[in-house]
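Contents: one structure, followed by commentary.
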Amino acid sequence: MTGFAGLLGILKLLLMGLAAFGLFDAAFRREDAFRAADKQNKVFWLIILGLALVVSYLFPIFSFLPIIGVIASIVYIVDVRPALKQVSGGSGWGRRGSSSDGPYGPYNGGR
């Protein structure tokens with residue numbers, strides 16, 4: 001029985017990590033990217049993913065609320081996050097530079 005409890009503990013940590021990843025990713029995205037991607041706003045996703053993280057910590061894995069939290073986290077990671085990356089043109093994690101930057105640095109017009 002201890003092996004099963006250990007497996008459930010690892011699964012719980014994985015589900016919490018999934019929700020935490022979604023929460024931190026949404027926190028670093030720009031608000032206008034959510035509108036441009038035609039998704040729910042940033043505050044909505046921060047609340048949903050924050051609740052998913054708290055619920056997955058407080059409740060057992062096989063109860064109703066953590067399953068809803070996992071579904072919300074998966075929807076964010078599989079649907080919303082790629083749309084935000086496509087609209088914002090990058091990772092959103094503190095990307096610096098201008099729109100004329102190429103893969104090897106800024107484009108200076110051949111000077």
Side-chain angles (χ1 to χ4, degrees):
M1 198 65 185
T2 58
F4 185 68
L7 179 67
L8 288 181
I10 291 171
L11 185 61
K12 185 172 187 166
L13 286 176
L14 287 174
L15 298 181
M16 286 175 55
L18 186 70
F21 173 76
L23 179 65
F24 288 120
D25 185 72
F28 285 104
R29 298 287 174 181
R30 293 177 32 186
E31 172 67 36
D32 59 342
F34 286 87
R35 282 183 268 126
D38 199 27
K39 302 296 178 185
Q40 291 288 334
N41 61 9
K42 181 177 182 173
V43 175
F44 172 83
W45 282 108
L46 289 175
I47 290 171
I48 293 296
L49 294 169
L51 285 173
L53 181 62
V54 169
V55 163
S56 65
Y57 175 73
L58 292 178
F59 292 97
I61 291 175
F62 295 118
S63 56
F64 185 67
L65 292 175
I67 293 173
I68 292 174
V70 167
I71 291 170
S73 300
I74 290 172
V75 166
Y76 177 81
I77 290 172
V78 172
D79 181 43
V80 177
R81 185 171 183 259
L84 295 176
K85 285 178 78 171
Q86 183 179 17
V87 168
S88 63
S91 65
W93 292 71
R95 183 172 181 244
R96 303 279 189 251
S98 74
S99 62
S100 65
D101 284 354
Y104 305 110
Y107 176 71
N108 60 10
R111 288 181 246 159

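The figures that follow rest on heavy atoms only: side chains count, while hydrogens, waters and symmetry mates do not. For this chain, numbers begin at 1 and follow the sequence in order.
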Taking every non-hydrogen atom, the tightest pair across P82 and I77: CD-O, 3.3 Å
Which atom pair, heavy atoms only, marks the closest approach of L53 to M16? CD1-O, 3.3 Å
Got a second to check how far K85's NZ is from D25's CG, nearest 0.5 Å? 8.0 Å
Interatomic spacing from CG in N41 to CG in D32 - rounded to 0.5 Å: 12.5 Å
Just verifying a value: how many Å separate L18 CG and L13 CG, rounded to the nearest 0.5 Å? 12.5 Å
For K42, side-chain contact (heavy atoms from CB on, under 4.5 Å) partners two or more places apart: E31, F34, L46
How long is the gap from CG on L84 to CG on D79, to the nearest 0.5 Å? 9.5 Å
If I take atom NZ from residue K39 and atom CZ from residue R81, how far apart are they, to the nearest 0.5 angstrom? 14.0 Å
I need the minimum non-hydrogen distance between K12 and S56, along with the two atoms involved. CE-O, 3.0 Å
With a 4.5 Å limit on heavy-atom distance, are the side chains of S88 and R29 in contact? yes
If only atom types and distance count, is the side chain of Y76 paired as donor or acceptor with the main-chain N or O of A26 below 3.5 Å? yes
Does the side-chain contact (heavy atoms from CB on, under 4.5 Å) test come out yes or no for F62 and L8, once each step is laid out? CA-CA 10 Å; F62 295 118; L8 288 181; 3.4 Å; yes
Establish whether I74 and I47 are linked, either directly or via other cluster members, by ILVMFWY side-chain heavy-atom contacts under 4.5 Å. no
With sequence neighbours left out, the residues meeting side-chain contact (heavy atoms from CB on, under 4.5 Å) with V54 are L58
Can you get from Y57 to L14 by hopping between Ile, Leu, Val, Met, Phe, Trp and Tyr side chains that sit under 4.5 Å apart? no
S63 side chain to F59 main-chain N or O, any donor-acceptor pair under 3.5 Å? no
Hey, could you give me the OG/CG distance between S73 and L51, rounded to the nearest 0.5 Å? 10.5 Å
Hey, are the side chains of V55 and P66 touching, using non-hydrogen atoms and a 4.5 Å cut-off? yes
Give the cluster check for L65 versus F44: same hydrophobic cluster or not, with ILVMFWY residues linked at side-chain heavy-atom distances below 4.5 Å. yes
Check whether any side-chain heavy atom of I71 sits under 4.5 Å from a side-chain heavy atom of I67, and report yes or no. yes
Joint cluster assignment, V70 & V78, ILVMFWY side-chain distance < 4.5 Å: yes
